[in-house]
Amino acid sequence: MSHAQIASIAQHEGQTVTLRGWIHNSTPRGKLLFIQMRDGSGFIQAVMRKQAVDEELFEAFKRAGQESSVELTGLVKADTRSKLGFELSVTDGKVLQSAEGFPITPKEHGPAFLHDNRHLWLRSKRQFAIMKIRHLSVQAIRNYFDERGFTLCDSPVFTPNACEGTTTLFATEYFGQQAYLTQSGQLYQEATAMALGKTYCFGPTFRAEKSATRRHLTEFWMVEPELAFADLDDIMDLAEDFTVYCVQHVLKHGREYLEMLDRDLSKLECIQKPFPRMSYDEACARLAELGVPVDPEDDFGSPHETELTKQFDRPLLVHRFPTAIKAFYMKEDPDNPLRAMGVDLLAPEGYGEVIGGGQREDDLDLLIRKIDEHELPQEAFAWFTDLRRYGSVPHGGFGMGLERFVCWVCGIRHVRETIPFPRTIDRLTP
RNA sequence: GGGUGCGUAGCUCAGUGGCAGAGCUGUCGGCUGUUAACCGACCGGUCGCAGGUUCGAGUCCUGCCGUACCCGCCA
């Protein structure tokens with residue numbers, strides 16, 4: 001007898017198979033027992049008839065609580081009464097461990113309770129679907145860059161210096177020195193891109209931001225491509241093409257998971273090129289037209305962002321932000337030094353910033369001046385300025401927050417559900 | 001860093017200053033098409049913590065703790 005997987009149950013129609021998994025929920029109905037079983041690959045309904053199995057077995061399954069581990073053998077039947085289209089008509093089985101009082105019942109629960117039980121909550125159908133979509137997103141990201149000649153060159157997690165101020169850095173002791181956990185792999189990608197042309201890193205990043213919002217984690221995964229010989233337009237083209245690829249990949253391979261989450265698929269189907277693009281100044285003018293004016297020398301906030309993205313059914317690229325509010329490494333607009341060659345990709349439906357990036361300052365003297373202006377120590381950036389000393393070229397890249405992407409694609413409210421064990425300002429466990 | 005709301009059974013919640021409640025979970029029994037089943041019974045309480053007002057506080061006041069959401073900042 002072979003063990004089958006629920007995910008590929010259609011191949012076994014008309015056959016007798018054995019499934020190994022857990023009782024997701026069960027409903028006794030007299031001499032019938034309906035078992036919602038999951039095996040990690042999917043969910044299926046098994047029907048146990050008292051007359052068809054050993055009496056002791058029937059009683060054992062009737063007593064077995066939610067999340068008991070079990071083995072079930074039966075005939076795979078096409079059945080329209082089951083949501084999957086297939087049902088297991090049980091002939092034999094075994095309760096491996098009979099569980100009692102599983103805390104996450106099929107009824108309603110609050111977020112604090114669910115997160116305290118994250119190790120068990122991952123077994124629910126909704127979390128199963130989200131983790132599958134996260135996986136497909138990672139697959140899409142890697143495929144995209146690998147198929148286009150990018151070389152994976154991961155940046156270090158321990159770093160000696162801050163690139164955007166120390167208040168958002170996690171500090172740690174490193175053999176007697178102060179070290180920080182990385183909040184971006186970008187500076188190192190600028191080095192690898194000069195060595196290999198097109199590179200990317202993909203790993204966890206850490207930010208000690210005191211942001212308790214539905215869009216923030218203190219530990220999150222970021223993919224950061226960097227290209228030599230690229231200007232702002234190239235970066236925007238890449239961000240656009242990449243986003244379309246990733247969304248369409250999930251849509252193509254993860255339809256069943258999106259349906260489990262009741263995602264409106266039409267909202268994802270329309271994520272196609274071209275994306276609307278507007279400069280920051282154009283965005284401010286548009287906001288004024290929409291009746292939400294903004295001070296053009298001050299960055300606009302999340303309500304402004306939402307108002308802007310509501311105008312479109314696909315992501316919006318906003319470029320050329322005020323230099324004053326952007327990081328030291330960002331290139332100034334040659335046409336206007338008050339504007340920097342940065343770009344944000346704002347996802348629709350109120351999801352907001354998913355990608356941030358731009359063209360980097362490639363002029364040695366300007367970069368050294370910017371480091372001073374930002375009151376950063378030159379010596380910490382000696383290796384970074386070397387990149388402009390030896391064969392500087394126009395270059396750029398961006399970072400995409402994986403969890404924000406997954407949150408948008410899933411159409412869920414909070415990023416904390418998009419990572420197996422979220423780390424937020426007020427949660428370190430489980 | 002700023003603002004707002006909520007803490008009552010394992011969970012989700014109701015509770016008018018006057019006897020501590022419901023549904024679900026769990027345990028036991030019943031039921032042949034359920035999928036958050038249903039019917040009957042049982043089990044289940046430091047009303048977040050500390051102080052105050054009052055004849056009397058789950059309920060009103062103060063502080064603390066926890067939690068949720070919004071803003072700022074970002075991906």
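FYI, side chains are in, hydrogens and waters are out, and symmetry mates aren't considered; it's all heavy atoms of this structure. Naming convention: chains lettered A, B, ... in sequence-line order (proteins, then strands); numbering from 1 in each chain.
Closest approach to the A:Arg416 side chain among B:C31, B:C73, B:A68 is made by B:A68 (side chain taken as heavy atoms from C-beta onward). Checked against B:U35, B:G72, B:C69, the side chain of A:His414 finds its nearest nucleotide in B:C69. Taking only side-chain atoms of A:Gln36, from C-beta outward, the nucleotide of B:U35, B:A75, B:C74 with the closest atom is B:U35. In this structure, of B:G33, B:U34, B:C11, it is B:C11 that holds the atom nearest to the side chain of A:His109. Taking the side chain of A:Arg49 as heavy atoms from C-beta on, and the options B:G33, B:G72, B:C24, the nearest nucleotide is B:G33. Set against B:C74, B:U27, B:U32, the side chain of A:Glu353 has B:C74 as its closest nucleotide. Side chain of A:Pro106, nearest nucleotide from B:G1, B:A36, B:C74: B:A36. The side chain of A:Glu100 lies closest to B:G26 when the candidates are B:C69, B:G26, B:U32. Taking only side-chain atoms of A:Ala112, from C-beta outward, the nucleotide of B:G26, B:U67, B:A36 with the closest atom is B:U67. Relative to the side chain of A:Arg207, the nucleotides B:A75, B:U12, B:U35 differ in distance, and B:A75 lies closest.
With salt bridges taken as basic N to acidic carboxylate O contacts below 4.0 Å, one links A:Arg360 and A:Glu226.
With a 3.5 Å ceiling on both atom-pair distances, B:G44 lacks any Watson-Crick or G-U wobble partner. Remark: B:C19 base-pairs with no nucleotide in the shown strands. Criterion, Watson-Crick or G-U wobble with two distances under 3.5 Å. Base pairing of B:C6: its partner is B:G66, meeting the Watson-Crick or G-U wobble criterion (both donor-acceptor distances under 3.5 Å). The pairing partner recorded for B:C73 is none, the criterion being a Watson-Crick or G-U wobble arrangement whose two distances lie under 3.5 angstrom. Both distances falling under 3.5 Å, in either a Watson-Crick or a G-U wobble arrangement, place B:C38 opposite B:G30.
The number of heavy atoms from other shown groups lying within 6.0 Å of CD (A:Glu147) is above 12. Annotation: A:Lys50, atom NZ; neighbour count of heavy atoms from other residues, nucleotides and ligands within 6.0 Å is above 12. Remark: A:Phe421 CZ is packed, more than 12 non-hydrogen atoms of other residues, nucleotides or ligands lying under 6.0 Å away. Taking a 6.0 Å sphere around CZ of A:Arg20, one finds it holds 12 or fewer heavy atoms contributed by other residues, nucleotides or ligands.
Two rings, from A:Phe43 and A:His24, have their centers less than 6.0 Å apart. Aromatic pair A:Trp121/A:His115: ring centres closer than 6.0 Å.
What separates CD of A:Glu108 from P of B:A14 is a distance of 11 Å, to the nearest Å. Residue A:Leu32 contributes atom CG, which lies 12 Å from atom P of B:C31 at whole-angstrom precision. In this structure, the CG atom of A:Asp426 is 5 Å from the P atom of B:U67, given to the nearest Å. Regarding A:Leu120, its CG atom lies at a distance of 14 Å from the C1' atom of B:C11, rounded to whole Å. The distance between atom CZ of A:Phe102 and atom P of B:C24, rounded to the nearest whole Å, is 20 Å. The NZ atom of A:Lys62 sits 10 Å away from the P atom of B:C28 (whole-angstrom rounding). One atom, CG of A:Leu114, and another, P of B:A68, lie 11 Å apart when rounded to the nearest Å. At whole-Å resolution of the value, NZ in A:Lys107 and P in B:A9 are 18 Å apart.
When the C1' atom is compared between B:U46 and B:G7, the two are found 14 Å apart, to the nearest whole Å. Rounded to a whole angstrom, the distance from the P atom of B:G26 to that of B:G21 is 24 Å. Atom name C1', nucleotides B:C24 and B:C38: the rounded distance is 14 Å, in whole Å. Of the P atoms belonging to B:C49 and B:G45, the separation is 15 Å, rounded to the nearest Å. Taking atom P in both B:G10 and B:G63, the straight-line distance is 30 Å, to the nearest Å. Rounded to whole Å, the separation between the C1' atoms of B:G18 and B:A68 comes to 33 Å. Comparing B:A36 with B:U4, their C1' atoms sit 32 Å apart, to the nearest whole Å. Taking the C1' atoms as reference points, B:G48 lies 12 Å from B:C6, given to the whole Å.
Where A:Val354 and A:Asn25 meet RNA chain B, the nucleotide closest to each residue was compared, and A:Asn25 sits on the side nearer the 5' end. Residues A:Thr105 and A:Gly401 both approach RNA chain B. Their nearest nucleotides, taken by heavy-atom distance, put A:Thr105 toward the 5′ side.
By the criterion of a centre-to-centre distance under 5.5 Å and near-parallel planes under 30°, the ring of A:Phe220 forms a stack with the base of B:A75.
Among the atoms of the strands shown, only primed sugar atoms or phosphate atoms (P, OP1, OP2) are found under 4.0 Å from some heavy atom of A:Arg413. Here A:Glu219 lies out of heavy-atom contact (under 4.0 Å) with every strand. Contact annotation for A:Ile355: backbone-only contact, meaning every heavy-atom pair under 4.0 Å involves sugar-phosphate atoms and none involves a base. At the heavy-atom level, A:Arg215 lies under 4.0 Å from base atoms of the strands shown. Residue contacts for A:Glu224: at a heavy-atom cut-off of 4.0 Å it reaches no nucleic acid atom on any strand shown. Counting any heavy atom pair closer than 4.0 Å across all strands shown, A:His304 reaches no nucleic acid atom. Looking at heavy-atom distances under 4.0 Å, A:Pro103 makes no contact with the nucleic acid at all. At a threshold of 4.0 angstrom between heavy atoms, the contacts of A:Gly65 with the nucleic acid are absent. Among the atoms of the strands shown, none is found under 4.0 Å from any heavy atom of A:Thr205.
Looking at A:Arg404, its side chain comes within 3.5 Å of the base of B:C74 through a donor and an acceptor atom. Under 3.5 Å, the side chain of A:Thr213 and the base of B:C70 form no donor-acceptor pair of N or O atoms.
A ring-ring contact (aromatic ring centres under 6.0 Å, His included) with A:Tyr200 holds for exactly one of A:Tyr188, A:Phe242, A:Phe398, A:Phe145; it is A:Phe145.
Taking 4.5 Å as the limit, some side-chain heavy atom of A:Asn117 sits within range of a side-chain heavy atom of A:His119.
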